[in-house]
J.: 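Here it is: the structure, laid out below.
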2 protein chains.
Amino acid sequence: MELTNTSFLLLGMVALGPMSGYDIKQRADGSTRHFWQISYGQIYPELKALEKAGMVQTAEAARGSRQRTLHQLTETGTEALSDWLSDSTVTPVELRDEMLLKLFFSDSVGKEEQIQLARNMARRHREAASGLATQAPPHLDKPCPMRMEVLQFGIGLHSWCADFYDNLADRLSSPPPLGSPQPSRGGGRRAGGGPQDV
Amino acid sequence: MELTNTSFLLLGMVALGPMSGYDIKQRADGSTRHFWQISYGQIYPELKALEKAGMVQTAEAARGSRQRTLHQLTETGTEALSDWLSDSTVTPVELRDEMLLKLFFSDSVGKEEQIQLARNMARRHREAASGLATQAPPHLDKPCPMRMEVLQFGIGLHSWCADFYDNLADRLSSPPPLGSPQPSRGGGRRAGGGPQDV
DNA sequence: GACGACATGTAAAGAGTTACATGATTAT
DNA sequence: ATAATCATGTAACTCTTTACATGTCGTC
């Protein structure tokens with residue numbers, strides 16, 4: 001069986017403890033959603049496939065007459081997850097952002113519209129950051145430093161983006177008089193030599 | 001006809017000047033690739049659909065007997081693009097990152113492997129940033145401040161990520177003695193009140 | 001002559017979302 | 001009662017990538 005990244009998300013979640021498909025969705029929405037979304041339409045069929053492939057075991061755990069199927073890793077599943085985690089292949093990060101696409105093509109629209117777009121983008125990222133910040137910290141019974149790091153990453157990333165777009169909107173709102181030095185960007189850009197500063 | 005974001009990418013590109021499908025692909029790979037990928041499998045069929053819908057006009061511009069079809073915006077197409085640009089709907093940014101998924105689940109692997117993963121991620125982003133920095137600045141005949149802003153955004157974003165992951169690798173390499181203050185993160189995190197600092 | 005860039009296209013597969021259907025339990 | 005949440009599932013659809021096919025032109 002060909003395991004996809006989504007399979008590994010499921011295996012990884014199930015490794016955290018016995019879980020139902022519903023549990024996995026809740027957990028993923030509360031943690032991996034910002035860099036790996038997942039829907040029921042993938043979860044339930046894929047869990048069945050993983051069971052068939054001997055990667056997870058299921059146990060009925062109905063509450064009253066409300067059905068509930070818990071999943072846990074088998075040895076095969078543990079090994080598959082472990083192999084994946086140890087694999088050091090470098091894969092590219094994928095980003096898709098309709099608003100950024102708009103911004104890219106917005107040289108032809110009025111300045112007011114550009115500013116509004118930038119502000120909306122800033123707000124979007126500000127909200128994403130505070131959404132993550134509010135996120136229930138995963139169980140503290142077991143230490144999970146990496147999960148915390150990834151959470152901090154998300155918060156930091158969205159904050160950086162929000163700062164960038166707010167700064168852009170500021171600069172569009174009050175263009176500096178010709179010949180005067182640009183005020184430095186509030187946020188990032190310490191690193192990584194820009195392109196010959198065109 | 002239902003226009004998708006990919007349609008608008010095509011319209012936006014064609015608005016920059018008459019272009020062939022091949023040209024669009026080259027341009028997109030050199031500019032929008034980092035937040036909106038596109039493949040020939042979408043470009044050519046979609047260009048035909050846009051022509052059929054009266055959004056673009058085509059002109060044969062063969063060089064010798066090597067065929068070449070140039071596309072330019074019609075009035076309908078210009079209007080559609082303009083409407084899209086003016087639409088201020090807020091849409092979420094989509095991120096997918098297999099390596100980050102690995103990092104998220106890497107509490108169970110050895111520290112050496114965690115460090116290697118973080119370093120690989122840092123390198124990946126460093127390379128993405130310098131790839132963008134090297135990117136041919138779009139024609140300077142016409143001013144294109146927004147396209148430059150988006151380029152700077154990409155460079156800044158990847159630099160911030162690279163800094164984060166290098167810093168993480170550093171912290172994993174030499175954990176600070178208990179009770180001593182954490183050295184501040186080289187990069188971001190000015191903003192956005194973290195989650196009750198667990 | 002062979003290779004790399006130019007140029008256009010299609011078919012099939014893959015990944016993922018959306019919308020729907022069903023039913024139980026808990027809180028208001 | 002009734003709404004929200006718990007819980008599982010499927011079918012259809014959309015979007016995108018991959019792999020292939022075809023042929024030209026410049027240059028090493």
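All values reported here derive from a predicted model rather than from experimental measurement. All chains are named by letter (A, B, ...) in the order of the sequence lines, taking the proteins before the strands, and each is independently numbered beginning at 1.
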J.: Grab the CZ-P distance between R68(B) and dT22(D) for me, whole Å please.
T.: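 It is 24 Å, rounded to the nearest whole Å.
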J.: Would you mind reading off the distance between Q26(A) atom CD and dA7(D) atom P, rounded to a whole angstrom?
T.: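 Going from CD in Q26(A) over to P in dA7(D) covers 9 Å.
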J.: Going by atom types alone, do T6(A) and E46(A) pair a side-chain donor with an acceptor below 3.5 Å?
T.: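 Their side chains do not contain a donor-acceptor pair, so the 3.5 Å distance test is not met.
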J.: Specify the separation, in whole Å, of atom CG of D29(A) and atom C1' of dT17(C).
T.: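 In whole Å, dT17(C) C1' and D29(A) CG are 13 Å from each other.
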J.: Which nucleotide in the set dT16(D), dT10(D), dC15(D) lies at the smallest distance from any side-chain heavy atom of T4(B)?
T.: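 Closest nucleotide among those given: dC15(D).
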J.: What is the distance from CD1 of I38(B) to P of dT17(D), rounded to the nearest Å?
T.: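 Atom CD1 in I38(B) sits about 8 Å away from atom P in dT17(D).
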J.: For dG9(D), does OP1 or OP2 lie under 4.0 Å from any side-chain N or O of K48(A)?
T.: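 The answer is yes; a side-chain N or O of K48(A) sits under 4.0 Å from OP1 or OP2.
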J.: Taking CZ from F8(B) and P from dC15(D), how many angstroms apart are they, rounded to a whole number?
T.: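 F8(B) atom CZ is separated from dC15(D) atom P by 12 Å.
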J.: Whole angstrom is fine here: how far is it from CG in L10(B) over to C1' in dG9(C)?
T.: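 Rounding to the nearest Å, CG of L10(B) and C1' of dG9(C) are 15 Å apart.
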J.: Given dT16(D), is OP1 or OP2 found less than 4.0 Å from the side-chain N or O atoms of S39(B)?
T.: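 The answer is no; no side-chain N or O of S39(B) sits under 4.0 Å from OP1 or OP2.
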J.: Begin with the C-alpha distance, continue with both residues' side-chain angles, and end with the deciding distance and a verdict on salt bridge (charged side-chain N to carboxylate O under 4.0 Å, His left out) for D166(B) and R123(B).
T.: CA-CA 8 Å; D166(B) 265 335; R123(B) 188 155 49 81; over 6 Å; no
J.: Would you list the protein and nucleotides 22-25 of chain C atom pairs, both N or O, that sit under 3.5 Å from each other?
T.:
{"from": "dA24(C)", "atom 1": "O3'", "to": "S65(A)", "atom 2": "OG", "distance (Å)": "3.0"}
{"from": "dT25(C)", "atom 1": "OP1", "to": "S65(A)", "atom 2": "N", "distance (Å)": "2.7"}
{"from": "dT25(C)", "atom 1": "OP1", "to": "S65(A)", "atom 2": "OG", "distance (Å)": "3.2"}
{"from": "dT25(C)", "atom 1": "O4'", "to": "R66(A)", "atom 2": "NH2", "distance (Å)": "2.8"}
{"from": "dT25(C)", "atom 1": "O2", "to": "R66(A)", "atom 2": "NH2", "distance (Å)": "3.4"}

J.: Measure up the W160(A) and F153(B) rings against each other and bin them: parallel (under 30°), tilted (30 to 60°), perpendicular (over 60°).
T.: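 Because their plane-to-plane angle lies in the 30° to 60° range, the rings of W160(A) and F153(B) count as tilted.
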J.: Show your working on salt bridge (charged side-chain N to carboxylate O under 4.0 Å, His left out) between D170(B) and R119(B) and close with a plain yes or no.
T.: CA-CA 9 Å; D170(B) 289 346; R119(B) 290 279 179 225; 2.7 Å; yes
J.: Side-chain N or O of T6(B) versus OP1/OP2 of dC15(D): is the shortest distance under 4.0 Å?
T.: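 No, no such contact exists.
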J.: Please report the shortest heavy-atom distance between L172(A) and K111(A), naming the atom on each side.
T.: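 Taking every non-hydrogen atom into account, O-CD, 3.4 Å.
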J.: Can K25(A) be said to sit on top of Y40(A)'s aromatic six-ring, NZ or CZ under 6.0 Å from centre and within 45° of the ring axis?
T.: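 Positive - K25(A) is close enough to the ring of Y40(A) and near enough to its axis.
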J.: What's the CE-P distance between M19(B) and dC6(C), to the nearest Å?
T.: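 Atom-to-atom, M19(B) to dC6(C), this comes out as 15 Å.
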J.: Output yes when at least one side-chain N/O atom of Y22(A) is less than 4.0 Å from OP1 or OP2 of dT8(D), else no.
T.: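 Result: no.
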J.: Can you see whether R171(A) engages N167(A) through a side-chain donor-acceptor pair at a distance of less than 3.5 angstrom?
T.: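 There is such a pair between these side chains.
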J.: Between G41(A) and T69(B), who's closer to the 5' end of DNA chain C by nearest nucleotide?
T.: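 Its nearest nucleotide lies further toward 5', so the answer is T69(B).
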J.: Rounded to the Å, how far apart are Q42(B) CD and dA19(D) P?
T.: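 The answer, rounded to whole Å, is 16 Å.
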J.: Is the shortest side-chain N/O distance from Y44(B) to OP1 or OP2 of dT8(C) below 4.0 Å?
T.: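 For dT8(C), OP1 or OP2 has a side-chain N or O of Y44(B) closer than 4.0 Å.
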J.: Base, sugar-phosphate, or nothing: which does S20(B) touch, judged by heavy atoms less than 4.0 Å apart?
T.: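 S20(B): backbone/sugar contact only, no base atoms under 4.0 Å.
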